[in-house]
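Naming convention: chains lettered A, B, ... in sequence-line order (proteins, then strands); numbering from 1 in each chain.
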Amino acid sequence: MEMEKTYDPQQFEDALYATWQEKGYFTPKIDPKKDPYTIVIPPPNITGQLHMGHALNNTLQDIMVRYKRMQGHPTLWLPGTDHASIATEVKIVDKLKAEGKSKEELGREGFLKAAWDWKKQYGGRIVEQLKKLGSSLDWSREAFTMDEKCNKAVKRVFVNLYNKGLIYRGSRIINWCPCCKTALSDAEVEYSEQDSFLWNVKYPLSDGSGSITVATTRPETMFGDTAVAVHPNDERYADMIGKTLDLPLTDRKIPVVADEYVEMDFGSGAVKITPAHDPNDFEVGMRHNLEVIRVMNDDGTMNELAGPAFCGLDRMEARKKVEEELTSLGLLVKKEPYKHNVGECYRCHSSVEPIISKQWFVKMKPLAEPAIKVVKDGEIEFIPERFSKVYFGWMENIKDWCISRQLWWGHRIPAYYCEKCGETVVSEETPAVCPKCGHTHFKQDEDVLDTWFSSALWPFSTLGYPEKTEDLAYFYPTSVLITAYDIIFFWVARMIFSGLEHMHQIPFSKVMIHGIVRDKLGRKMSKSLGNGIDPLLVIDKYGADSLRFSLANGIAPGGDTRFYEEKVESARNFINKVWNASRFVMMNLEGVTLLPIEKTKKTIADQWILTRLSETAKAVNDNLEKYEIGLAGAKLYDFVWSEFCDWYIEAIKPSLYSSDETIKQNAASNIYYVLVSVLKMLHPYIPFVTEHIYQNLPIHEETIMLSSYPTERSDLSFPQEKAEFEAIMDIIKAIRNVRAEMNVAPSKKLHITVKTDKEEIVRKGEGYLSKLAGVESVRYDSAYVPEKKVSSAVTSAAAIFIPLGDLVDTEKEIERLNKEKAAVQKEIAKSMSMLNNPGFVSRAPETVVNQERERLAANEEKLVKIEENLKNLAD
RNA sequence: GGACAGUUAGCUCAGUUGGUAGAGCGUCUUCUUGACGUGGAGAGGGUCAGGGGUUCGAGUCCCUUACUGUCCACCA
């Protein structure tokens, strides 16, 4: 197959993915003799469209998965989607609204049908988009949080927790979203600081002896007040405790109670207590046996307990009216501007009302304890480690988890109420007979479960739990969970305690946390800002490989990353470089019988690159084992571009063009080996282009995907020759430097004289000097005394003299050499000061001291040569 | 209020157990040499936020200050 001059990903990416999938490369073969490597995908919402966060997350997972697969582990990356209860329901309600229909009109069944239709139509979008990215997911195991398997797991878990007393139903203050009309968990509320007011209201004492002023940010809740609390030690109110107050705008009398919850220094030191609408007040209410009066409906309007004048008003209208009436009664002392945090629904962003409501809860303390322990004990490791602190912070202060949602799209709570006696029966199937009264008709609980309840079971529900499947036995616990830090609470923490509770085993041994993708200015990408970049458009323009590499290369663990097109361009350029290097190699393989690398003759350039290849392979493997994906990527980038392409390919050209067939064959075999190794090492990052090139090589296995990942090769490491070639490289760089500074055209061939005590090394490098520095002839003369008009290039190994005739501007040459001299002197001074420090010599490791001595010696040699040259020029 | 990050070249960021500060982009010079101009060669550019400490040696470890950001808590 001919390779085009320029890399064009559109020509092969989709086709390659289809082939990989058809051949079943993504599906692991279960082999009890081998260690499996398993990742379950953080299931994207079915409402979702691939965004940069997904692109980053899946790129990182795919890199690890492809790497481990190439190492020979039976590797499973399990795909799936999340039903996203609230997000999907909101979306479908909106769609119905646009069609002039409502949820209520359709009824539960009709609505669910519409939801499933919607899921069928759009739920697969993101799945297709993941394929565009190149994700090597095992589609034969694709899961959905509401499929049969997962439903069964959810029911089993719910029943088990209920039977253990870890799930209960009760009236608590919960977060209520009046817009979505459902309860939310604490984690689903986002707080933001907003400008509001603090209303100071006078509550008169019933006996007419005065009044107490209270401050509130939600005056409309006053209809639910059942006390005013003051601090027991507060002398200002000491004689009022126990008296009653006339609650304004109502005909109720409420007591003044003493409670240590009150901060004496804040405001007036008196707090109105509204147990039905504030979690703290609820606690106070419990302590003082206060009545709980809920004055708000589910939709955020006031109910009849707010009185006829307010009943039916929206909470904000009611707030206004309360203010007006209090003002006209002269009870509003003042209204001061006040900034405070307001909770918002994480889905619709309307402000959340704390409200008392009867809901289902998971008792968290007993579940949290073992979940804290496994991380403390290191059974589960967070990468980077600092995120374990975030985890502990949450787990150690965890409150019970409100899991019921007043929605229809989701797992319906498996609780049944006897229609006759009201007995609650929790079971996986509809019960036949009431255990209490023998009645046979039940009504199932109307609510569904929090989306995250099913996500929490994902690592084992997808593998077959509660059945004891082969998958579950082999692939659980999974190897690592890779996700962004923003769902540590929602998901990671809950999977950990769920795995421990239901599987009696951790769900994964590592949690790799990465950052989020920001825009060029560092802002979070969001719909409202309109600053998101669609990964699919990037793929269309640059290819999935470029996108992947631009996301994964050079990122720091746990850190956010900024995304902008120049980065993708840079990645594309790199891939183009790989493409052309490959093209070059292939051009030189034609008609050559390749030798195995162990059998080839090797030049010092070959030995140098093989050594560097081995070193790079070792470094990259080390990094990947530690999930240092960005670092490994940067090393590959540098090795491929600056060493393989810039030096090795150029250095090997004479051998490849040689008329001696043996030289040619050996050179071709060596560079072929290096190229294949490079492609393999890059494959996890840029899977498409590496496979495409690989398939075009004259000799290759069936797929690069299942070839073995390169590792350190001590049998192909040549430290001595590597050092020699590096000495040659130094000379070449020095000569190039002189050429550039002296404005010597590349076409001008040089005749150089070399003064060195390492003549045999320089001799080995003559061919490279010719090819890479334009040196036509080399003369060795240790007694050489240069004349004027001779420029010089100095390295620690040799002094190179380059007669340039009139091209040499003596003054400029002196200036240049002086500059170099100063630099070398500075280094010498530094080395001397280190070596003259007795502490350094005695306490630093021997290798470091020796290294410093060598450095000093090399620089001193260099200095001598420079001074000689300067002397000659001055004469 | 608490916790955690970040502060390194003009810009965006790496820097893996402390051992001579790096890359990409941009800038300047130069080269159409038979893989690649999405390229080659060369250059310039940083007292690693400030201060203190530990150490033979600190961008890296400790303390502290400042600024930026994120998360958690929620005194009504």
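Using a 4.0 Å heavy-atom distance criterion, A:V848 is classed as a base contact. Contact annotation for A:E566: no contact, since no heavy-atom pair falls under 4.0 Å across all strands. Counting any heavy atom pair closer than 4.0 Å across all strands shown, A:F489 reaches sugar-phosphate atoms only and no base atom. Using a 4.0 Å heavy-atom criterion, one finds that A:R739 contacts no nucleic acid atom at all. Nucleic acid contact class of A:W641 (heavy atoms, under 4.0 Å, all strands): sugar-phosphate only. Residue-level contact check: A:P838 touches neither bases nor backbone, having no heavy atom under 4.0 Å from any strand. Counting any heavy atom pair closer than 4.0 Å across all strands shown, A:Y191 reaches a base atom. Looking at heavy-atom distances under 4.0 Å, A:R583 makes contact with sugar-phosphate atoms alone, never a base. A:T6 comes within contact range of at least one nucleobase, with a heavy-atom separation under 4.0 Å. Using a 4.0 Å heavy-atom cutoff across all strands shown, A:F549 reaches no nucleic acid atom at all. Here A:A634 lies out of heavy-atom contact (under 4.0 Å) with every strand. Residue-level contact check: A:L198 touches neither bases nor backbone, having no heavy atom under 4.0 Å from any strand. Across all strands, A:D622 comes closer than 4.0 Å to no nucleic acid atom at all (heavy-atom distances).
B:G59 and B:C48 are spaced 5 Å apart, taking the C1' atom of each and rounding to whole Å. Comparing B:U7 with B:U60, their C1' atoms sit 15 Å apart, to the nearest whole Å. The same atom, P, is picked in B:G44 and in B:A49; the two are 24 Å apart, to the nearest Å. With P as the reference atom, B:C4 and B:A76 are 25 Å apart, rounded to whole Å. Rounded to whole Å, the C1' atom of B:C28 lies 25 Å from the corresponding atom of B:A14. Annotation: B:A3 and B:G39 have their C1' atoms spaced 49 Å apart (nearest Å). A gap of 8 Å separates the P atoms of B:C61 and B:G18, to the nearest Å. To the nearest whole angstrom, the two P atoms, one in B:U64 and one in B:C25, are 41 Å apart.
Checking B:A66 for Watson-Crick or G-U wobble geometry (two distances, each under 3.5 Å) identifies B:U7 as its partner. Base-pair partner of B:G57: not found among the strands shown (Watson-Crick or G-U wobble, both distances under 3.5 Å). Summarising the base pairing, B:C36 is matched to no nucleotide, lacking a Watson-Crick or G-U wobble pair whose two defining distances lie under 3.5 Å. Pairing partner, B:U27: B:A43, with both Watson-Crick or wobble hydrogen-bond distances short of 3.5 Å.
Look at A:N553 and you won't find any side-chain N or O under 4.0 angstrom from OP1 or OP2 of B:G24.
When the C1' atom of B:U38 is taken as reference, atom CD of A:E4 falls 15 Å away, rounded to whole Å. Atoms CG (A:N576) and P (B:A35) sit 14 Å apart, rounded to a whole Å. The separation between A:I649 atom CD1 and B:G34 atom C1' is 14 Å, rounded to whole Å. A straight line from OH of A:Y485 to P of B:C71 spans 7 Å, rounded to a whole angstrom. Computed from coordinates, the A:D265 CG to B:G1 P distance equals 15 Å when rounded to whole Å. B:A14 atom C1' lies 11 Å from atom CD1 of A:I555, rounded to whole Å. Per the geometry, CE belonging to A:M742 stands 15 Å off C1' belonging to B:U30, to the nearest Å. Per the geometry, CZ belonging to A:R562 stands 14 Å off C1' belonging to B:C25, to the nearest Å.
In this structure, of B:C4, B:A35, B:G19, it is B:G19 that holds the atom nearest to the side chain of A:M834. Checking B:U70, B:A35, B:A41 against every side-chain atom of A:E650, the shortest atom distance belongs to B:A35. Considering only side-chain atoms of A:R386, the nucleotide from B:C4, B:U16, B:U20 that sits closest is B:C4. Which of B:A76, B:G34, B:C36 sits closest to the side chain of A:K5 comes down to B:C36. With B:G42, B:A76, B:G39 as the choices, the nucleotide that has an atom nearest any side-chain atom of A:K577 turns out to be B:G39. The listed nucleotides are B:U12, B:U20, B:A43; the one nearest the side chain of A:N737 is B:A43. The side chain of A:P746 approaches B:C31 more closely than any other nucleotide in the set B:G15, B:C31, B:G19. Nearest nucleotide to the side chain of A:K635, out of B:U12, B:G40, B:U16: B:U16. Side-chain proximity of A:K399 to the nucleotides B:C74, B:C4, B:A76 is greatest for B:C74. Candidate nucleotides B:U16, B:G19, B:C4 were compared by shortest atom distance to the side chain of A:F840, and B:G19 ranks first.
Scanning atom types as modelled, one donor and one acceptor separated by under 3.5 angstrom connect the side chain of A:N341 and the base of B:C74. A donor N or O paired with an acceptor N or O is found under 3.5 Å between the base of B:U20 and the side-chain atoms of A:R855.
Nearer the 5' end of RNA chain B, as judged by each residue's closest nucleotide, is the contact made by A:N588, out of A:T216 and A:N588. Residue order along RNA chain B, read from the 5' end via each residue's closest nucleotide, puts A:N580 first among A:N580 and A:P279.
Salt-bridge formation is detected for the pair A:R816/A:E813: a Lys NZ or Arg NE/NH1/NH2 atom is positioned less than 4.0 Å from an Asp or Glu carboxylate oxygen. Between A:D622 and A:K626 there is no salt bridge, since none of the side-chain N atoms of the basic residue sits less than 4.0 Å from a carboxylate O of the acidic one. A salt bridge links A:K541 with A:E565; the closest basic N to acidic carboxylate O contact falls under 4.0 Å. Between A:K520 and A:E566, at least one side-chain nitrogen of the basic residue sits less than 4.0 Å from a carboxylate oxygen of the acidic one, meeting the salt-bridge criterion. A:K749 and A:E776 are not joined by a salt bridge, as no carboxylate oxygen comes within less than 4.0 angstrom of a charged side-chain nitrogen.
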* Might you work through the side-chain contact (heavy atoms from CB on, under 4.5 Å) test for A:T483 and A:F490, ending with a clear yes or no? => CA-CA 12 Å; A:T483 189; A:F490 281 117; over 6 Å; no
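For the pair A:K771 and A:Y657, the cation does not sit on the ring face, since its NZ or CZ is not both under 6.0 Å from the ring centre and inside 45° of the axis.
For A:E190 and A:Y346, the side-chain atoms include no donor-acceptor pair closer than 3.5 Å. There is a side-chain donor-acceptor pair under 3.5 Å between A:D225 and A:T274.
One N or O on the side chain of A:D278 and one on the backbone of A:D281 form a donor-acceptor pair closer than 3.5 Å.
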